[in-house]
Amino acid sequence: MSKFLSSKFSALTPYTPGEQPQDMKYVKLNTNESPFAPEQNVIEAAKAAAGSLNLYSDPECKKLVAKLAETYGVKNENIIVTNGSDEVLNFAFMAFCDKDKGAAAPDISYGFYPVFAAVNGVAFEGIPLKEDFSIDITDYLGLNKTIFIANPNAPTGIALTLDQIEQILKANENNIVVIDEAYVDFGANSAVKLIEKYDNLLVTMTFSKSRSLAGGRLGFGIASKEIIRDLNTIRYSTNPYNVNSMTLAAGLATLDNEEKVRKNCETIIKNREYTAAALKNLGFTLTDSKANFIFAKSDKIGGEELYLKLKERGVLVRHFNSPRIKDFVRITIGTKKQMDILIKTVEEIL
Ligand code: PMP
């Protein structure tokens, strides 16, 4: 720490992103990326946009906003486009939390939520998941806090039903409820339609998972026009050109491939069920994941040891050191070939 760092950040512990190793080629199952490369039309669109990099990108992201609105059956005014969904989440902490209105999320969830709270000086409450890692929605009724729920949750992959989400929305009329749908395309139900009914709902989504664009950094939020206006106030007060022109073009082209995206998701779901069954056969306990990853605990080997032994053998998964989940590893679902390597390597280790 330099002597210049503001005292408000002296105790800040930053988020630890998953490893992106450059030393060797791993079977990379640690950061929930898509194993499928972007389609050719997406690559071509990004290349074509590179020719205009001397100009700023469109701060209104007009074309992409319009296409997202069409894709999700909402109006343009209901959409904000951001640099990954991390950015719209951070904007939500900035816009809808302060010293009087704290933030709440499950204690086991996306590790960035408490960091966003800390960097914005917001008190954060981690609400314990039940013993089986499911969310007890009664914990979220009538909280005077801005609520962040990943659906499906990460790293457990467990999803809430829309009925459960509605109950939380109804019981928090004066609080924003953010439903983080980073993984929704792999088997959960989207809450987007509920924005017509609930003015306290913000749904966040990303191009990083089902749409194969993690490196492009593209996310978006869907909510009432008033919420979107608030988020845009933050956006225009921090970084109006928050999405670069190559990514805007790539995102737009990606939305021409919705059928392919859906097929890729089906493949991932199939590979997830295949891998889950194989690991169960090897004595693993798994949560009921509706995401592009599984969360698994062996009865023979600890989470950290398994992570390290897999890494030694060229397979990268994610291990979290927090006490309740230290026995688990989170394994991103890749191609069938990648999953066969994972299963074989686990067998050898055991
Ligand atoms: N929400 C959850 C639950 C995530 O796991 C991630 C990915 N790390 C994100 C949001 C953010 O993803 P991105 O910024 O790539 O859209």
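Keep in mind the model is a prediction, meaning the values are calculated, not measured. Just follow the structure's listing: the first ligand is 1, and inside any ligand the first atom is 1.
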Looking only at the aromatic ring of each residue, does the gap between the centers of Phe220 and Phe207 stay below 6.0 angstrom? yes
In the protein, which heavy atom is nearest to atom 7 (C) of ligand 1, and how far is it? Lys209 NZ, 3.2 Å
Counting non-hydrogen protein atoms only, what is the nearest one to atom 11 (C) of ligand 1? Give residue, atom name and distance. Asp86 OD1, 3.1 Å
Considering both backbone and side-chain atoms of Asn32, is one of its nitrogen or oxygen atoms within less than 3.5 Å of a nitrogen or oxygen in ligand 1? no
Which protein non-hydrogen atom lies closest to atom 12 (O) of ligand 1, naming both residue and atom, and how far is it? Ser85 OG, 3.5 Å
Check whether any side-chain heavy atom of Phe295 lies under 4.5 Å from a side-chain heavy atom of Phe133, and answer yes or no. yes
Among all the protein's non-hydrogen atoms, which is closest to atom 4 (C) of ligand 1, and how far away is it? Tyr183 OH, 3.5 Å
Lys209 and Thr206: side chain donor to acceptor below 3.5 Å: no
Which atoms from ligand 1 have a heavy atom of Ser208 less than 4.0 Å away? 13 (P), 15 (O), 16 (O)
Protein residue, atom and distance nearest to atom 14 (O) of ligand 1, heavy-atom basis: Arg217 NH2, 2.7 Å
Distance flag, aromatic centroids of Phe93 and Phe124, threshold under 6.0 Å: no
Please could you name the atoms of ligand 1 that Gly84 approaches to less than 4.0 Å, counting only its heavy atoms? 14 (O), 16 (O)
Cationic tip of Lys336 within the cone over Tyr274's six-membered ring, i.e. under 6.0 Å and within 45° of the normal? yes
Do Leu29 and Gln338 touch side chain to side chain, with heavy atoms closer than 4.5 Å? yes
Who's the nearest protein heavy-atom neighbour of atom 8 (N) of ligand 1, and how far? Tyr110 OH, 3.3 Å
Basic-acidic side-chain contact under 4.0 Å: Glu266, Arg262: yes
the protein heavy atom lying closest to atom 1 (N) of ligand 1 turns out to be Asp180 OD2, 2.6 Å
